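These notes concern the structure reproduced below.
The sequence lines fix the lettering, A, B, ..., with proteins before strands; numbering per chain opens at 1. Everything numeric here is computed off the predicted structure, so don't read it as measured data.
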There are 2 protein chains.
Amino acid sequence: MTTVLIADDQPLQRFGFRMLLESQDDLTVLGEAANGSEALRMTAELHPDVVLMDIRMPGMDGIEATRRIVATGDRTRVLILTTFDLDEYAYAGLRAGASGFLVKDAQPEELLSGIRSVASGDAVVAPSLTRRLLDAYVQHLPAGGGTADVPLPGDARLSALTEREREILTVVGKGWTNTEIAARLHLAESTVKTHVGRILAKTGSRDRIQAVILAYDTKLVEPS
Amino acid sequence: MTTVLIADDQPLQRFGFRMLLESQDDLTVLGEAANGSEALRMTAELHPDVVLMDIRMPGMDGIEATRRIVATGDRTRVLILTTFDLDEYAYAGLRAGASGFLVKDAQPEELLSGIRSVASGDAVVAPSLTRRLLDAYVQHLPAGGGTADVPLPGDARLSALTEREREILTVVGKGWTNTEIAARLHLAESTVKTHVGRILAKTGSRDRIQAVILAYDTKLVEPS
DNA sequence: AGGGCGGTGGTACCCCGGTACTACGGTGGC
DNA sequence: GCCACCGTAGTACCGGGGTACCACCGCCCT
């Protein structure tokens with residue numbers, strides 16, 4: 001038995017999906033969510049095998065919800081439904097960790113088999129989207145065209161940082177721990193934490209690892 | 001009406017495909033080829049809509065044949081059939097310009113709908129392969145500046161690592177958390193931890209931050 | 001005199017990362 | 001046939017990292 005959560009802001013759409021899914025012996029609809037945060041909450045609560053996720057929803061959208069659901073490490077798989085054939089968000093969904101995406105005007109059988117594939121750990125992509133996906137894939141693989149490397153010492157992402165914060169980010173980029181930073185810069189560890197916390201917030205990094213990467217990417221720290 | 005050429009070195013296999021295809025009103029088998037060069041010659045002669053291409057064939061293999069067929073600029077699409085679920089040649093086939101690949105143990109309906117999708121210009125990938133494809137895709141995406149594939153960031157500190165460990169280190173270098181690595185590479189988090197632990201031990205890194213820095217310094221990961 | 005901002009510091013809490021084990025199937029070498 | 005190695009997976013534990021919130025000081029600006 002495969003359990004499914006439906007996340008879509010349109011009630012009528014949800015109804016249609018529910019009817020279709022309930023007509024199958026091996027599928028059960030655990031519930032319906034009208035936006036991303038509901039989907040997130042209900043997923044944490046109900047642990048469905050598959051979340052049928054619409055992208056465009058008020059509040060938290062389907063991409064962010066997907067990212068967070070995947071981040072939980074749960075077995076729950078996310079199958080994204082896009083309205084349009086070409087939906088650039090579909091790629092974002094992919095990067096967010098979705099196990100597949102289908103277009104809403106797909107045949108019912110496609111949707112059902114897609115759900116079953118995803119539930120069993122496979123991934124699915126709508127044929128009409130697969131083409132673009134493959135194109136993007138082969139482009140990115142051997143894409144020798146190195147593009148401009150524009151060093152950008154003053155990267156936009158760093159502009160919000162104060163002088164002190166940039167100093168801290170530099171040593172974070174060198175791999176120093178909070179304790180080491182505190183000792184070598186004669187600060188309290190709590191101060192270091194405050195600084196690092198603000199750096200993460202301002203640069204949109206989720207942890208110091210991302211900050212290290214940012215430091216390298218912006219050439220604030222050079223490879224040795 | 002969709003015309004198909006079957007390229008496979010096993011007669012029995014060809015027979016099965018032919019029977020299946022001939023049972024459909026909208027599909028016609030134009031001929032059968034037993035190896036890559038035959039497939040190439042017959043394609044130039046018969047101009048089928050789709051070539052059902054096996055990879056492993058004596059003489060010219062399916063990859064090379066695909067490459068040459070695509071190079072002609074004809075409308076002919078190539079649908080690759082792989083025997084094994086994980087067939088690294090599948091990726092090569094993709095890069096060679098194939099419009100899709102399916103595993104041979106797929107359901108007949110899958111094969112038929114795959115042929116029709118390919119004939120109409122879409123692309124198809126077997127669900128069991130899509131998973132790996134997506135993994136490769138998301139891995140290669142952020143790589144952006146794709147450089148020529150000079151492998152082997154020849155650093156002494158990396159020499160002790162196994163191939164798998166180098167893979168893991170690469171994604172660690174991209175800032176993925178253990179949970180994300182587990183999810184996107186289909187591993188248990190404990191496995192990821194084991195790998196990361198061994199990487200840290202072998203490279204003499206005290207934590208993953210040092211490993212990220214190492215990945216950058218050795219150019220295992222390039223700034224984006 | 002007041003207010004904003006940057007730098008410093010503190011407390012409390014939770015989760016992820018890292019360590020230390022053990023274990024088991026597959027593969028390749030001897 | 002056996003053994004080493006690799007990749008996978010599990011449990012248990014602890015410490016550091018990150019967050020939320022608050023607080024004080026010194027500076028500059030109006």
Side-chain angles (χ1 to χ4, degrees), chain A residues 40-41 43-44 67-75 97 121 158-215, chain B residues 84-88 131-132 135 139 158-215:
Chain A
L40 188 58
R41 185 172 49 71
T43 297
R67 188 173 294 116
R68 300 200 186 187
I69 288 174
V70 170
T72 64
D74 256 30
R75 300 224 175 283
L158 300 182
S159 59
L161 301 183
T162 66
E163 200 52 45
R164 188 56 158 169
E165 286 162 357
R166 214 162 295 170
E167 288 176 38
I168 303 288
L169 177 53
T170 303
V171 294
V172 166
K174 288 178 181 165
W176 297 14
T177 64
N178 288 340
T179 311
E180 287 172 346
I181 297 174
R184 302 193 199 177
L185 295 187
H186 309 291
L187 296 173
E189 190 171 345
S190 59
T191 304
V192 177
K193 282 192 169 188
T194 303
H195 281 311
V196 172
R198 276 202 272 262
I199 291 170
L200 299 186
K202 287 184 178 178
T203 60
S205 309
R206 90 179 140 199
D207 53 34
R208 73 198 292 116
I209 314 263
Q210 304 290 336
V212 170
I213 293 175
L214 178 66
Chain B
F84 305 110
D85 210 72
L86 170 58
D87 194 328
E88 41 192 328
R131 163 59 58 191
R132 298 176 198 280
D135 288 344
Q139 275 181 30
L158 299 183
S159 59
L161 300 184
T162 67
E163 199 50 46
R164 188 55 158 169
E165 286 162 357
R166 217 162 294 175
E167 287 177 39
I168 303 288
L169 177 53
T170 304
V171 295
V172 166
K174 288 176 182 166
W176 298 15
T177 65
N178 288 340
T179 310
E180 286 172 346
I181 297 173
R184 301 193 197 176
L185 264 41
H186 312 107
L187 297 173
E189 190 170 347
S190 60
T191 303
V192 177
K193 282 190 170 188
T194 302
H195 281 310
V196 173
R198 278 202 270 260
I199 291 170
L200 299 185
K202 287 184 177 178
T203 60
S205 309
R206 84 177 147 200
D207 54 32
R208 73 198 292 114
I209 314 262
Q210 304 291 336
V212 169
I213 294 175
L214 177 65

Result for 5'-nearest mapping on DNA chain D, choosing between A:T177 and A:T194, is A:T177
May I have the distance from A:R198 (atom CZ) to C:dG7 (atom P), rounded to whole angstrom?
8 Å
Just compare D:dG7, C:dT8, C:dG6 and give me whichever is closest to any side-chain atom of A:T162.
C:dG6
Paired with B:R208, the side-chain contact (heavy atoms from CB on, under 4.5 Å) test is passed by just one of B:L169, B:I213, B:N178, B:L214, namely B:N178
C:dT8 phosphate, OP1 or OP2: any side-chain N/O from A:R164 under 4.0 angstrom?
yes
Below 4.0 Å: OP1/OP2 of C:dG17 and any side-chain N or O of B:N178
yes
Whole angstrom is fine here: how far is it from CD in A:E189 over to P in D:dT19?
15 Å
Just the rounded figure in Å: distance from C1' of C:dG7 to NZ of A:K202.
11 Å
Which of C:dG7, D:dG10, D:dG7 is nearest the side chain of B:A188? It is D:dG10
Do A:H195 and A:V192 have side chains that get closer than 4.5 Å, going by heavy atoms?
no
Taking atom P of D:dG18 as reference, at what distance in whole Å does atom CD of A:Q210 sit?
11 Å
Just to confirm, is there a sub-4.0 Å distance from OP1 or OP2 of D:dA9 to any side-chain nitrogen or oxygen of B:T191?
yes
Would you please confirm or rule out a distance under 4.0 Å between OP1 or OP2 of D:dA9 and any side-chain N or O of B:S190?
no
Give a yes or no on whether a donor-acceptor pair under 3.5 Å exists between the nucleobase atoms of C:dT19, that is its base, and the side chain of B:R206.
no
Rounded to whole Å, please give me the gap between CD1 in A:I209 and C1' in C:dC15.
14 Å
Side-chain N,O (A:H195) to OP1/OP2 (C:dT8) below 4.0 Å:
yes
Interatomic distance where CZ belongs to B:R208 and C1' belongs to C:dC16 [whole Å]
9 Å
Measure CG/B:D207 against C1'/D:dG18 and give the value in whole Å, please.
15 Å
State, yes or no, whether a side-chain contact exists between B:V172 and B:E165 at a heavy-atom distance under 4.5 Å.
no
Of B:E163 and B:K193, the one whose closest DNA chain D nucleotide lies more 5':
B:E163
Value in whole Å for how far the C1' atom of D:dT8 lies from CD1 of B:I168:
11 Å
Within the 4.5 Å heavy-atom criterion, are B:T194 and B:R198 side-chain neighbours or not?
yes
Evaluate the criterion side-chain contact (heavy atoms from CB on, under 4.5 Å) for residue pair A:T177 and B:R206; output intermediate values, then yes/no.
CA-CA 11 Å; A:T177 64; B:R206 84 177 147 200; 3.6 Å; yes
Of the listed nucleotides D:dG7, D:dT8, C:dG9, the one nearest the side chain of B:E165:
D:dG7
